[in-house]
Peer 1: 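Once you've had a glance at the structure underneath, I'll fire off some questions.
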Amino acid sequence: MMANLKLTVNDDKTHLCQILRERFDFLGYTFGRCYNRETGRAYLGTRPSQTSIQRMVASITQETDRRRTVLEAEFVVGRLNRKLIGWANYFCLGPVSPAYRAINTHVTRRLRRWLCKKHKVSGTGWARYPNQYLYEKLGLINLPARTHDLPWAKA
């Protein structure tokens, strides 16, 4: 079929896999076997790939770097929110809650550390910058709370 269409196949990047036994990544998603948390039954589904999660974590780390402490907190939170919302809007298929929780934990930890460095305060910032301050005062997006608005939650 590929010869009829006059297309070439890159054998280094192309391989066949048994979807019931193997997983593969495509467009940021991992396709393969997933398990229902309530029943334990297996099904074929998608979830955000580890590579896409790691890229998002690296992007968050770059945004909250020590060299950016001259910026205003609202500006940094606004940039983080745009990244988080864009990422969450793309990765909304399959079991996304573990990925959302991991990214949310990372962004809150990094933002607290950034705020401590900005205001020249020692420590991790848990007491000085609690979740209520981050989410209500600064307006940081809480990713795990967004799973309630996903399409399959309304069925």
Side-chain angles (χ1 to χ4, degrees), residues 9-66 68 71 73-118 121 123-155:
V9 177
N10 187 346
D11 292 330
D12 296 333
K13 293 183 177 181
T14 306
H15 71 278
L16 297 175
C17 67
Q18 292 288 329
I19 192 68
L20 296 176
R21 292 188 211 124
E22 299 178 62
R23 296 182 177 129
F24 68 94
D25 291 346
F26 183 67
L27 296 176
Y29 280 97
T30 297
F31 291 81
R33 183 176 279 196
C34 298
Y35 295 93
N36 189 325
R37 297 180 87 186
E38 292 151 6
T39 63
R41 294 183 63 190
Y43 65 94
L44 295 178
T46 62
R47 64 183 166 275
S49 69
Q50 288 290 38
T51 307
S52 63
I53 294 170
Q54 289 171 355
R55 284 183 183 153
M56 185 62 182
V57 164
S59 175
I60 291 167
T61 302
Q62 185 180 7
E63 285 294 323
T64 56
D65 192 41
R66 284 183 173 193
R68 296 183 179 236
L71 300 174
E74 291 79 15
F75 179 76
V76 172
V77 169
R79 288 180 57 99
L80 288 172
N81 283 345
R82 283 193 297 279
K83 285 182 183 287
L84 293 171
I85 290 171
W87 192 87
N89 284 341
Y90 183 76
F91 293 104
C92 62
L93 298 175
V96 295
S97 294
Y100 281 15
R101 278 193 305 272
I103 288 175
N104 201 58
T105 301
H106 184 71
V107 75
T108 55
R109 184 183 307 128
R110 288 294 301 188
L111 185 58
R112 280 189 183 102
R113 185 179 296 163
W114 182 84
L115 287 168
C116 285
K117 297 299 177 194
K118 178 175 179 56
V121 178
T124 59
W126 284 96
R128 186 176 295 265
Y129 306 110
N131 285 344
Q132 182 179 3
Y133 178 79
L134 297 179
Y135 295 127
E136 293 176 11
K137 180 105 167 52
L138 292 179
L140 183 66
I141 296 294
N142 187 7
L143 283 183
R146 291 177 57 89
T147 59
H148 301 296
D149 294 333
L150 293 176
W152 57 85
K154 297 178 184 177

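The analysis underlying the following values was restricted to heavy atoms, covering all of them including side chains, and did not include hydrogens, waters or symmetry mates. Sequential numbering from 1 along the given sequence is applied to the chain's residues.
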Peer 1: Which pair of heavy atoms, one from Pro144 and one from Arg101, lies closest together, and at what distance?
Peer 2: CG-CG, 4.0 Å

Peer 1: What are the two closest non-hydrogen atoms of Pro95 and Arg47, and how far apart are they?
Peer 2: O-CB, 3.9 Å

Peer 1: Answer yes or no: is there a donor N or O on one side and an acceptor on the other, between the side chain of Thr46 and the main chain of Phe31, under 3.5 Å?
Peer 2: no

Peer 1: List the steps and the verdict of side chain to side chain contact (heavy atoms under 4.5 Å, CB included) for Phe91 and Leu143.
Peer 2: CA-CA 11 Å; Phe91 293 104; Leu143 283 183; over 6 Å; no

Peer 1: For residues Trp114 and Arg110, determine if any side-chain heavy atom of one lies less than 4.5 Å from a side-chain heavy atom of the other.
Peer 2: no

Peer 1: Quick one, Leu84 and Ile60 - any side-chain contact, counting heavy atoms below 4.5 Å?
Peer 2: yes

Peer 1: Report yes if the side chains of Leu134 and Leu115 come closer than 4.5 Å at any heavy-atom pair, otherwise no.
Peer 2: yes

Peer 1: Of all the heavy-atom pairs spanning Tyr35 and Ala42, show the shortest one and how long it is.
Peer 2: CE2-CB, 3.5 Å

Peer 1: What is the distance from atom CZ of Arg33 to atom CG of Leu44, rounded to the nearest 0.5 Å?
Peer 2: 7.5 Å

Peer 1: Which heavy atom of Glu63 sits nearest a heavy atom of Arg68, and at what distance?
Peer 2: O-CD, 3.3 Å

Peer 1: How about Val96 and Pro48: do any of their side-chain heavy atoms sit closer than 4.5 Å?
Peer 2: yes

Peer 1: Measure across Ser52 and Gly28 and return the closest heavy-atom pair with its distance rounded to 0.1 Å.
Peer 2: OG-O, 3.3 Å

Peer 1: Output yes when a side-chain donor or acceptor of Arg112 lies under 3.5 Å from a complementary backbone atom of Tyr129, and no otherwise.
Peer 2: yes

Peer 1: Do Leu138 and Glu74 touch side chain to side chain, with heavy atoms closer than 4.5 Å?
Peer 2: yes

Peer 1: Under 6.0 Å from the NZ atom of Lys118, do we count more than 12 heavy atoms belonging to anything else shown?
Peer 2: yes

Peer 1: Rounded to the nearest 0.5 Å, what's the gap from CD on Gln50 to OG1 on Thr30? Could you check?
Peer 2: 7.0 Å

Peer 1: About how many Å separate CZ of Arg113 and CG of Asp65, when rounded to the nearest 0.5 Å?
Peer 2: 11.0 Å

Peer 1: Identify the two heavy atoms, one from Ala88 and one from Tyr100, that lie closest to each other, and give their separation to 0.1 Å.
Peer 2: O-OH, 3.1 Å

Peer 1: Should Ile53 and Met56 be marked as a side chain to side chain contact (heavy atoms under 4.5 Å, CB included) after you check the CA-CA gap, both sets of side-chain angles, and the distance that decides it?
Peer 2: CA-CA 5 Å; Ile53 294 170; Met56 185 62 182; 5.8 Å; no

Peer 1: Mark yes or no for whether Asn81, through its side chain, and Ile141, through its backbone, hold a donor-acceptor pair below 3.5 Å.
Peer 2: yes

Peer 1: Does Asn36 offer a backbone N or O that forms a donor-acceptor pair with the side chain of Tyr43 under 3.5 Å?
Peer 2: no

Peer 1: Return the OG1 to CZ distance between Thr64 and Arg79, rounded to the nearest 0.5 Å.
Peer 2: 11.5 Å

Peer 1: Ser59 side chain to Arg55 main-chain N or O, any donor-acceptor pair under 3.5 Å?
Peer 2: no

